[in-house]
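Each remark here refers to the structure printed beneath this line.
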Protein chains: 2
Amino acid sequence: MLEGPPLRADAQRNRARILDAAEAVFAEAGPRASTEEVARRAGVAIGTVFRHFPTKDDLLAAIMKRLLAQLVEEAERLDLFAFFRHVVAQAAAKKTVVDLLAGSGVDIRLPEAAGHLEEAVGRLLEQAQAAGAVAAPVRLPEVMALFLSVCQGALHGGWDDQLQARTLAVIFAGLRRD
Amino acid sequence: MLEGPPLRADAQRNRARILDAAEAVFAEAGPRASTEEVARRAGVAIGTVFRHFPTKDDLLAAIMKRLLAQLVEEAERLDLFAFFRHVVAQAAAKKTVVDLLAGSGVDIRLPEAAGHLEEAVGRLLEQAQAAGAVAAPVRLPEVMALFLSVCQGALHGGWDDQLQARTLAVIFAGLRRD
DNA sequence: GAGAATAATGAGTGGAGACTCACTTTGCTA
DNA sequence: TAGCAAAGTGAGTCTCCACTCATTATTCTC
């Protein structure tokens, strides 16, 4: 993570505005939304967006990193089941994360941030297994796979509360007794 | 389903070629692949593609319909668990269906064909419950939700055989004992 | 507060891809 | 097999969008 000299005040302000706008725009319209829309929403010229993020992918990667970090924080506050419920409930509002975790058309790798998430979920799994809430043979890879699958399903399927509860119930039952 | 006069022989031939090419191209590159690539692969001029399918969405809808019909056939040959396994294993090879079932950026509704699939899976569920292989309180909506979720997960996550088996094992356990 | 460095601006460029249409070719029918 | 309607062709249009850069504006430093 190479750090140059500190950013000028206006640059810092704009960078933050752009990230916020990008998060909102991409959450609403998915990663295919245009960079111009982001600039407009941030109240900034298009060139400014590209000064901060030389390519659109850089911008997407930056907000992904923020969102993943947020997920990790949430993982640290909740147990495995609550974490699943929480994230699935939010999936629709976080089109970007889900789409990008899914790699939908856009090529972005964030091994570090994604690794942190996996570690956090790993800790939740250990705790749940120690408490006897998840069967012993369950391993992290399938938990992550289920996690991502369900996020995408919820996002694209437009699940209501009831469907979400019933679907997670099946998965939770499967985790408890494998 | 309005039927005009029958198609001329060359038109029929080309229509079939275009559908085959589109299926292959979109399976490899997803729905974002260009119509020109489809035309090239079909050995046909771009205008011919647009004569048969006035918009790209029409083309996508047409192959979706074929693929859904195929899924229904497979559902009629297999039991619920085998169907899940089969489709998940093929998910990666069928990027289009999955992406479109998921509604990724493209707006296509095929209520009829999708309804048939749901009916077919409904029958599998009934059979499985009658045989005691799936717990009674499980209902069709969550089975469909799990089905679509897992398809997307498998597609985007690039699951290997082992991960696929382990992930499905959790879901199957959840279905058996809810 | 003057000067230098950094940042913002936004019209402009280039490329991709969906779709059109004037013209040519092909298949059907009488 | 002549004639015509159906189908095929592909260069060209149009729109959208990522990205650039010469110019102007804002901060920082002394």
Side-chain angles (χ1 to χ4, degrees), chain A residues 2-26 28-64 96 99-100 104-108, chain B residues 2-22 24-26 28-64 95-96 99-100 104-108:
Chain A
L2 36 153
E3 292 266 349
L7 287 177
R8 236 170 60 177
D10 52 348
Q12 265 175 322
R13 194 172 51 241
N14 282 335
R15 197 188 159 83
R17 272 191 198 160
I18 291 167
L19 279 172
D20 289 344
E23 192 171 323
V25 168
F26 291 133
E28 283 166 27
R32 293 174 64 168
S34 76
T35 313
E36 268 209 60
E37 179 57 33
V38 173
R40 200 174 309 131
R41 183 98 55 121
V44 134
I46 182 78
T48 305
V49 176
F50 281 99
R51 170 181 280 273
H52 286 279
F53 306 96
T55 70
K56 188 181 179 183
D57 280 2
D58 290 330
L59 176 55
L60 286 166
I63 71 179
M64 264 293 277
T96 336
D99 278 358
L100 290 184
S104 79
V106 191
D107 197 23
I108 284 173
Chain B
L2 36 153
E3 292 264 351
L7 288 176
R8 237 169 59 178
D10 53 348
Q12 266 176 321
R13 194 171 52 240
N14 281 336
R15 197 187 159 83
R17 272 192 199 159
I18 290 166
L19 279 171
D20 289 344
V25 168
F26 292 132
E28 282 166 28
R32 292 174 62 169
S34 75
T35 313
E36 269 208 58
E37 179 57 34
V38 172
R40 199 173 310 130
R41 184 97 56 118
V44 135
I46 181 80
T48 304
V49 176
F50 281 99
R51 171 181 282 274
H52 285 279
F53 306 96
T55 71
K56 188 180 177 182
D57 281 1
D58 290 330
L59 176 56
L60 285 166
I63 71 179
M64 264 294 277
K95 219 167 164 358
T96 337
D99 278 357
L100 290 184
S104 79
V106 191
D107 196 23
I108 285 174

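Convention: sequence-line order gives letters A, B, ...; per-chain numbering from 1.
Nucleotides of DNA chain C nearest to B/A33 and B/A9 differ in position, and the one nearer the 5' end is that of B/A33.
Within residues 46-55 of chain B, the residues having any heavy atom under 4.0 Å from DNA chain D are, by residue number, B/I46, B/G47, B/T48, B/R51, B/H52. Heavy-atom distances under 4.0 Å link DNA chain C to B/T35 of residues 35-43 of chain B, given in residue order.
In terms of modelled atom types and a separation under 3.5 Å, the side chain of A/D58 and the main chain of A/T55 share a donor-acceptor contact. Between the side chain of B/N14 and the main chain of B/A11, no donor-acceptor pair closer than 3.5 Å is present.
Distance check, rounded to the nearest 0.5 Å: OG1 of A/T48 to NE2 of A/H52 gives 6.5 Å. The CZ atom of A/R41 sits 4.5 Å away from atom CD of A/E28, with the distance rounded to the nearest 0.5 Å.
Comparing D/dC19, D/dC17, C/dA8 against the side chain of A/K56 picks out D/dC19 as the nearest. The side chain of A/A45 has C/dG10 as its nearest neighbour among C/dG10, C/dG27, C/dA7. Listed nucleotides C/dG27, D/dA18, D/dT9 differ in distance to B/R8; the shortest reach to its side chain belongs to C/dG27.
Residue A/R13 places at least one side-chain N or O closer than 4.0 Å to OP1 or OP2 of D/dT27. Taking 4.0 angstrom as the limit, B/N14 places a side-chain polar atom (N or O) nearer than this to OP1 or OP2 of D/dG8.
The interatomic distance linking A/R32 (CZ) with C/dA16 (C1') rounds to 13 Å, in whole Å.
Nearest heavy atoms, A/V38 versus A/I18: CG1-O, 4.0 Å. Pairing each heavy atom of A/F53 with each of A/A62, the nearest pair is CE2-CB, 3.7 Å. In this structure, A/L59 and A/A22 approach most closely via the heavy-atom pair CD1-CB, 3.9 Å. Residue A/F50 comes nearest to A/K56 through the heavy atom pair CE2-N, 4.4 Å, listed as atom of the first residue, atom of the second, then distance.
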